[in-house]
Amino acid sequence: MTFTIPIDNGDALKNAETDSQRTLYPYVTGTSIVAIKYKEGVLMASDMGGSYGSTLRYKNIERVKAIGKHSLLGASGEISDFQEILRYLDELVLNDNMWDDGNSLGPKEVHNYLTRVMYNRRNKFNPLWNTLVLGGVKNGQSYLGMVSMIGVSFEDNHVATGFGNHLARPILRDEWHADLSFEDGVKLLEKCMRVLLYRDRSAINKLQISKITEEGVTVSQPYSLKTFWEFQAFHNPTAGAQGSW
Amino acid sequence: MTKQHANWSPYDNNGGTCVAIAGSDYCVIAADTRMSTGYSILSRDYSKIHKLADKAVLSSSGFQADVKALQKVLKSRHLVYQHQHNKQMSCPAMAQLLSNTLYFKRFFPYYAFNVLGGLDEEGKGCVFTYDAVGSYEKVGYSAQGSGSTLIMPFLDNQLKSPSPLLLPAQDAITPLSEPEAVDLVKTVFASATERDIYTGDKLEIMILKADGIRTEVMELRKD
């Protein structure tokens, strides 16, 4: 059985013309994904924004999708590359189903496949400009992993991409523990997303929390977090350093 | 038209340190479990040690995606070897295979810094140390990775390797006992962790002997 890996494009490095055939920089991007393992499975949070450089171009992008029966895939980075990856995974899941043998791809397998795809594209100097988060549950075992655009991958009890790595991971290292309840898990993720909202320029206040358990996938309706801006320092921001103009 | 240059690098350094020490009838292979990128820590619990064959254990630091791909290639080549020869690869054979595999990508290297440890055909410990493009040497002990510059001089001091210029050639295998070697490894990593930001979290030690492999884990500083 063959899985199609993204196509070779010849002298990717040499020809100026073929430069237009490979990814040089991202255009429409999604910001952080934050995900944790909890008692019954995995929780994944993402906002719904798609930025076009510094413009907030799209505000209704779902950056977390269900893959097969056992996995959730969240992506930050180039949205079109994410959509491409979803198409590859569609084919992967289809072929898996066609065997009709009662077996289905678990999160470990999907994570491994994605790692190989990302690494091979990096080898051809034509990367898929994403950092992917793969979470899932199969046979009672929870799994959570991450792959970057150059193929670096690992699994852990909690992961975050982009700014989330800098802002959310420290909170998770401090407050995550095994067997979190659903409510506590959501509260923890919301705490991380709130910090990101305050401090990540490309974050928007419209998020979805996706959950995957042995039973299946649930994606919440989009909602927004309460924020607080009434700090004294914000009321009179120049109080400490009056300017001359 | 000027040639466009990529604004991303296909390489990254995920840090970490690997050490191996060869004894008269054992081999100690150790590595920390921290995986980093830039100034961030990605994981505090990522193993850099990989058992390739019964008597050959590979430890690699550097760019993790390349390390993983390298391990997969070697693992699959070993499987083919077992099918064709009806036996496991010996450590010296694996050493040559690793060197060839690395050189094969001489012009787009695996950014992996390897230490291969195991038991040779006579049951004595052996350690092979590599650079990224496959140049290798059989030694009595070695350190590779971000903490190697801190560790190697200390190992040189403690393990008093005879000069390779001597004739007849003398073994570089340490006369230390296994518990002493393990202790030395723990000391060396504790020290490297103090000054190397990419080394820390946990230390994983594998001790290879004729009767099997034993693993020990020790906590390291997490800062």
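Scope of the values below: all heavy atoms of this structure, side chains included, with no hydrogens, waters or symmetry mates.
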_As an exercise: rank M118(A), R122(A), M146(A) by heavy-atom pairs under 4.5 Å with chain B and give me the winner._
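Going by pairs under 4.5 Å, I would pick R122(A).
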_Leading residue by heavy atom contact count with chain B [cutoff under 4.5 Å; candidates T115(A), V147(A), N123(A)]_ =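 Maximum pair count with chain B is reached by N123(A).
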[X] and [Y]: which non-hydrogen atoms are nearest, and at how many Å?
| X | Y | answer |
| --- | --- | --- |
| L42(B) | F154(A) | O-CE1, 3.2 Å |
| G151(A) | A65(B) | O-CB, 3.2 Å |
| I150(A) | S9(B) | CG2-O, 3.6 Å |
| R173(A) | I41(B) | NH2-O, 3.1 Å |

Could you check whether atom [atom1] of [X] has more than 12 heavy atoms from other residues, nucleotides or ligands sitting under 6.0 Å from it?
| X | atom1 | value |
| --- | --- | --- |
| D101(A) | CG | yes |
| R77(B) | CZ | no |
| Q96(B) | CD | yes |
| K37(A) | NZ | yes |
| K75(B) | NZ | no |
| H177(A) | NE2 | yes |

Quiz question: by atom type and distance under 3.5 Å, do the side chains of [X] and [Y] form a donor-acceptor pair?
| X | Y | result |
| --- | --- | --- |
| S153(A) | K68(B) | yes |
| K72(B) | N112(A) | yes |
| Y46(B) | D156(A) | no |

*Which atoms of D12(B) approach chain A - backbone, side chain, both or neither, heavy atom under 4.5 Å*: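 Contact with chain A involves both backbone and side-chain atoms of D12(B).
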*Against chain A, label S40(B) side chain, backbone, both or neither, depending on which of its atoms sit under 4.5 Å from a heavy atom there.*
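Contact with chain A is through the side chain of S40(B) alone.
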*Of all residues at least two apart in sequence or in a different chain, which pass the ring-ring contact (aromatic ring centres under 6.0 Å, His included) check with Y11(B)?*
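Partners of Y11(B) under the ring-ring contact (aromatic ring centres under 6.0 Å, His included) test: F108(B), Y111(B).
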*Spacing of Y25(A) atom OH and W8(B) atom CH2 [to the nearest 0.5 Å]*: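 The distance works out to 14.5 Å.
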*Which of residues 186-198 of chain A get closer than 4.5 angstrom to chain B, counting heavy atoms alone?*
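Within residues 186-198 of chain A, no residue comes under 4.5 Å from chain B.
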_Inter-chain contacts: residues 159-172 of chain A against chain B, heavy atoms under 4.5 Å_ =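 Expected list: N165(A), H166(A), R169(A).
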*Could you walk me through whether E155(A) and D45(B) pass the side chain to side chain contact (heavy atoms under 4.5 Å, CB included) test, one step at a time?*
CA-CA 9 Å; E155(A) 45 163 321; D45(B) 198 11; over 6 Å; no
*For the pair V152(A) and T37(B), evaluate side chain to side chain contact (heavy atoms under 4.5 Å, CB included) and give the outcome as yes or no after the intermediate values.*
CA-CA 10 Å; V152(A) 174; T37(B) 176; over 6 Å; no
*Scan residues 128-153 of chain B for pairs that pass salt bridge (charged side-chain N to carboxylate O under 4.0 Å, His left out), counting only residues two or more places apart or in two chains.*
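Those involving residues 128-153 of chain B do not exist here.
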